[in-house]
Amino acid sequence: MPYFNMSAEQISRAMHELIPGGNHTYSKGDDQFPGNAPKVMARAKGAYCWDVEDNEYLDWAMGNRVMSLGHANDHVDTKVFEAMRLGANFTRPGILEYELAAYLTDHWPCAEMVKFGKNGSDVVTAAVKLARAYTGRPYVLVCGSHPFFSIHDWYIGSTEMNSGTLPSERPYTLKFIYGDRGSVEAAFADYKDQIAALILEPVKNDSPYADPRPSDLTQSGMNRNGDNTGNFLQYLREKTEAEGTVLIFDEMIAAMRFGSRGAHHHYGILPDLATFGKAISNGYSCSVLAGKREIMDLGGITHDRERVFLLSQTHGSETVGLAATLATMRFYNEHNVEDHIWSIGRALKAAVTDTARAKGLSERVRIIGFEANPQILCFDESGAFSSTLNTLFHQYMIEEGVLIPWITITHAHRMAEVDRTAEALDRALTQLESAIAADAVDRLLLGPAQKPVFRKYN
Ligand SMILES: Cc1ncc(COP(=O)(O)O)c(C=O)c1O
């Protein structure tokens with residue numbers, strides 16, 4: 001049936017018949033959203049998106065956090081059209097590969113060399129492979145406090161949803177806890193001289209200073225004496241150096257939140273390798289592996305060491321993603337988007353905190369994390385995360401036309417969007433408060449509560 005004769009509900013059902021999961025990212029799945037969530041999207045512009053029935057939503061999520069400037073940014077799209085007209089992919093390297101490599105190696109302190117991909121998982125896996133080749137060691141120590149690094153088996157095998165991965169590979173992925181030096185020390189003691197790489201998001205919701213926390217920090221992450229003592233990232237830098245382990249920062253999310261130079265620049269700690277993607281290209285497909293020449297060059301063709309099959313992708317140098325990345329980076333820096341993101345985040349955090357307090361829900365609805373990368377979470381009476389209450393909260397926000405399952409602030413989000421969200425929150429939290437008072441949270445849900453992505457069975 002042509003889709004224009006179908007309701008959104010019908011299209012969604014048909015998509016589940018045609019596509020396992022009904023879409024291409026688990027976190028966009030029906031099991032992650034309330035029953036009244038828009039089913040299928042048609043278009044988006046700036047901070048707004050519209051479903052196939054032309055319902056409008058204020059979008060704080062921005063796909064899987066793939067925007068820094070907003071949907072369909074005119075400047076980026078113009079540069080993309082220009083690149084498309086010059087050809088999408090060439091038989092030999094394209095000039096954009098040079099232009100972007102020169103820009104990024106100049107821009108990111110950790111980048112002596114860069115290699116391009118199309119998605120984050122591939123460059124993260126490439127970083128792990130390089131680290132193994134460089135060190136000749138088998139184990140990888142991954143931050144278990146962070147939810148996701150790659151679709152590839154070395155990582156998926158370490159999750160609850162490990163069906164189809166090789167049991168023999170699983171023991172080689174070890175986990176540590178963010179901010180917990182003991183968990184890092186234990187892994188290095190148990191696997192002495194065997195850990196090739198330690199990988200983490202440099203910063204997520206916790207400050208690198210949480211362990212132990214010096215009293216007088218400045219925004220830059222240094223304390224006022226310019227002393228990095230107490231910085232977990234600095235500790236990891238020193239520890240991995242002492243152990244001969246490659247330190248990898250996954251900057252996929254952190255980079256454009258903590259400035260376009262990345263969280264490693266923000267905190268002044270240089271990893272050996274770093275991975276970038278998502279918002280660097282404002283929705284188009286581009287990812288980057290960056291790092292030290294000595295390690296990166298193992299993937300090259302001019303050295304006399306053993307060759308490493310690093311990344312070799314048909315679409316790796318496709319020009320649209322490269323043009324989009326260059327245009328996004330330039331726009332972001334010329335318009336000081338970093339400061340804008342932090343200031344809108346500050347206003348949004350205040351709006352959520354104030355409204356929750358006014359409704360007597362401070363303990364039940366909280367906005368956590370840094371201003372540049374906040375997250376709204378709902379809790380039960382005991383203080384544990386409540387997926388049921390969270391789902392009902394989002395159901396009420398969607399009724400108000402606000403999509404805020406996760407938050408990706410962009411240049412297109414302005415105070416008007418914060419004000420609209422504050423008004424929506426006021427009405428949503430009034431309903432939520434009544435639902436809690438009437439002990440009716442489960443009953444009022446229009447569909448099942450959200451489930452964790454990484455679970456063994458549906
Ligand atoms: C921290 C982090 N690393 C890697 C990835 C994988 O990126 P991609 O989905 O582009 O493969 C993600 C995706 O959500 C991520 O959040």
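Note that this is a predicted model, so its numbers are computed, not measured. Numbering of ligands and ligand atoms starts at 1, following listing order.
Among all protein heavy atoms, the one lying closest to atom 13 (C) of ligand 1 is Lys278 NZ, 3.2 Å. The protein non-hydrogen atom at the shortest distance from atom 12 (C) of ligand 1 is Phe148 CD2, 3.6 Å. Closest to atom 7 (O) of ligand 1, if we only count protein heavy atoms, is Gly120 CA, 3.4 Å.
Residue contacts with ligand 1: Ser150 is placed with no nitrogen or oxygen under 3.5 Å of a nitrogen or oxygen of the ligand (distance criterion only). Of the N or O atoms in Met252, none lie within a sub-3.5 Å distance of an N or O in ligand 1.
Of the N and O atoms on the side chains of Arg414 and His411, at least one donor lies less than 3.5 Å from an acceptor on the other residue. A donor atom on one side chain and an acceptor atom on the other are not found under 3.5 Å apart for Lys118 and Ser287. The closest side-chain donor-acceptor pair between Thr391 and Gln450 falls under 3.5 angstrom.
Residues Thr410 and Tyr332 are not in side-chain contact: their nearest non-hydrogen atoms beyond the backbone lie 4.5 Å or more apart.
Checked against the 6.0 Å centroid threshold, Phe258 and His265 do not count as a close aromatic pair. Ring-centre distance between Tyr48 and Tyr57: not below the 6.0 Å cut-off. Aromatic pair His75/Phe331: centroids less than 6.0 angstrom apart.
Contact annotation for Phe149 and ligand 1: only backbone heavy atoms (N, CA, C, O) come within less than 4.0 Å of the ligand. Of all the heavy atoms of Ile253, the ones lying under 4.0 Å from any atom of ligand 1 belong exclusively to the side chain. In Asp250, the part holding a heavy atom less than 4.0 Å from any atom of ligand 1 is the side chain.
Note that atom 9 (O) of ligand 1 has no protein non-hydrogen atoms nearby, at separations under 4.0 angstrom.
The atoms of ligand 1 that sit less than 4.0 Å from any heavy atom of Glu201 are 1 (C).
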